[in-house]
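Structure first, commentary second.
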Amino acid sequence: MDYNSLLLNMKMFGATMEEICFHTLGISADNINENVIVSPGWQPERLFQANVINQIVQSSPLFGYKIWNIEHGNIHISYIKTGFGAPMMLDALLLLGLTKCRKILFVSSVGALSSEMNIGDIIIPEYSASGDGASRYLSNNLFHDTFGDKQYPDNDLFRFLINETKRICDINSVKWHLGKTLCIDTIVAQYNYLENIIEMGYNSIDMESAAAFKAAKMINIPIAALLNVSDNSTINKSLMTDRSNQQEKEYRKFVRSEILPEIIENVFSK
């Protein structure tokens with residue numbers, strides 16, 4: 001699907017691009033910075049100090065997006081909490097094509113599917129495969145079955161993210177992994193298929209990154225994903241249980257509050 005054609009079809013219903021931004025993002029396009037973090041569920045306080053965070057949208061009119069602008073050192077970042085699920089993330093990315101956004105990091109929790117991955121480790125997906133229904137709406141043929149279609153991050157941004165993550169993690173004795181991620185539409189019903197998903201070669205699972213990659217490619221904005229392991233069913237650390245001991249909780253908090261912000265700052269400084 002061509003993005004310009006999508007915009008033309010939207011305009012046919014009488015809306016200007018500025019009106020679309022106000023009624024969907026809840027703010028003027030000019031208020032979105034060139035550097036953007038999108039996250040399904042994380043508040044920015046998980047990554048940044050409160051004194052550098054300024055909330056500019058409490059709940060956008062149509063989608064309920066929450067948006068903050070952040071000054072982290074010399075870097076200006078817009079942070080969008082979309083809510084969970086591929087449809088919410090996909091629409092947020094498509095709307096960023098109306099703004100001055102020039103670089104996107106998808107930052108979130110991720111479920112691990114390998115015994116080599118521990119709670120708190122970092123995963124950088126080399127691809128995310130569509131197991132969601134929303135991604136098919138970006139296909140040229142709505143009736144094409146997109147299940148398993150691999151979506152890739154921007155190659156240059158991906159490579160730079162890997163190099164910075166490796167360097168910073170080596171210094172701080174933090175483990176990181178390349179992800180082969182499947183994106184699903186359900187948390188509860190996934191448990192019927194975890195063995196199948198692992199047999200297909202996936203080592204991690206989330207709900208939104210494939211749709212984010214596909215939409216970012218459509219709007220021609222570089223994107224990569226920086227994920228933090230929240231659970232791992234293969235080592236009996238299920239999302240449905242009290243899955244972390246105190247040491248794991250402290251390690252994960254350290255990675256979120258100390259390691260991820262440093263990686264993010266370096267990527268956006270590039």
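In what follows, residues are counted from 1 in the order of the sequence shown.
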Next item on the list: Identify whether the distance between the nearest side-chain nitrogen and carboxylate oxygen of Lys180 and Glu126 falls below 4.0 Å.
Entry: yes

Check: Are the charged groups of Lys253 and Glu250 less than 4.0 angstrom apart, N to O?
Finding: no

Would you say that [X] contacts [Y] through its side chain, given a criterion of any heavy-atom pair below 4.5 Å between the two side chains?
| X | Y | result |
| --- | --- | --- |
| Ile67 | Asn31 | no |
| Asp154 | Lys217 | no |
| Ser230 | Ile119 | no |
| Leu182 | Leu113 | no |
| Val255 | Trp176 | no |
| Leu226 | Leu260 | yes |
| Ile77 | Phe268 | yes |
| Ile168 | Ile259 | yes |

Hydrophobic clusters here meaning ILVMFWY residues chained together by side-chain heavy-atom distances under 4.5 Å, can you tell me if [X] and [Y] are in one?
| X | Y | answer |
| --- | --- | --- |
| Ile123 | Val174 | no |
| Val107 | Tyr79 | yes |
| Ile263 | Val52 | yes |
| Ile37 | Ile56 | no |
| Val57 | Met89 | yes |

[X] [atom1]: over 12 foreign heavy atoms closer than 6.0 Å:
| X | atom1 | answer |
| --- | --- | --- |
| Asn220 | CG | no |
| Glu195 | CD | no |
| Asn141 | CG | yes |
| Gln49 | CD | no |
| Tyr193 | OH | no |

Could you tell me which non-hydrogen atom of [X] sits nearest to which non-hydrogen atom of [Y], and how far apart they are?
| X | Y | result |
| --- | --- | --- |
| Ser108 | Ser39 | CA-OG, 4.4 Å |
| Ser269 | Ile75 | OG-CD1, 3.2 Å |
| Asn33 | Lys100 | CA-CE, 4.2 Å |
| Phe160 | Val267 | CE2-CA, 3.7 Å |
| Val36 | Cys101 | CG2-SG, 3.6 Å |
| Leu94 | Leu138 | CD1-CD2, 4.1 Å |

Interatomic spacing from [atom1] in [X] to [atom2] in [Y] - rounded to 0.5 Å:
| X | Y | atom1 | atom2 | value |
| --- | --- | --- | --- | --- |
| Leu98 | Thr24 | CG | OG1 | 7.0 Å |
| Asn163 | Lys270 | CG | NZ | 10.0 Å |
| Asn196 | Gln190 | CG | CD | 12.0 Å |
| Leu90 | Met218 | CG | CE | 8.5 Å |
| Glu208 | Ile184 | CD | CD1 | 9.0 Å |
| Met117 | His177 | CE | NE2 | 5.5 Å |

Have [X] and [Y] got a donor and an acceptor in their side chains that come within less than 3.5 Å?
| X | Y | value |
| --- | --- | --- |
| Ser209 | Asp206 | yes |
| Thr181 | Ser204 | yes |
| Ser109 | Arg252 | yes |
| Asn118 | Tyr251 | no |
| Ser78 | Asn69 | yes |

Please answer whether the main-chain N or O of [Y] pairs with a side-chain N or O of [X] as donor and acceptor at a distance below 3.5 Å.
| X | Y | result |
| --- | --- | --- |
| Gln151 | Ala129 | no |
| Ser60 | Tyr65 | yes |
| Asn203 | Leu178 | yes |
| Asn35 | Lys103 | no |
| Arg136 | His144 | yes |
| Asp185 | Met207 | no |

Item checked: Worked check of side chain to side chain contact (heavy atoms under 4.5 Å, CB included) between Glu45 and Ile53 -> CA-CA 8 Å; Glu45 289 85 357; Ile53 301 169; 4.0 Å; yes

Checklist line | Residue of the set Lys66, Gln55, Lys81 for which side chain to side chain donor-acceptor pair (under 3.5 Å) holds with Gln43 | finding: Lys81

Margin query: Among Ser135, Ser130, Ser128, Ser139, exactly one meets side chain to side chain donor-acceptor pair (under 3.5 Å) together with Lys214. Which residue is that?
Written below: Ser139

Next item on the list: Would you check, one step at a time, whether the test side chain to side chain contact (heavy atoms under 4.5 Å, CB included) holds for Leu93 with Ile223?
Entry: CA-CA 10 Å; Leu93 267 290; Ile223 190 173; 4.2 Å; yes

Check: Could you go step by step and tell me if Arg159 and Asp156 meet the side chain to side chain contact (heavy atoms under 4.5 Å, CB included) rule?
Finding: CA-CA 5 Å; Arg159 293 297 171 191; Asp156 291 341; 5.8 Å; no

Notebook entry, point to check: Under the 6.0 Å and 45° cation-pi test, does Lys150 pair with Tyr127?
Noted result: yes

Notebook entry, point to check: So Asn54 and Trp68, side chain to side chain contact (heavy atoms under 4.5 Å, CB included) or not? Walk me through it.
Noted result: CA-CA 5 Å; Asn54 176 36; Trp68 297 260; over 6 Å; no

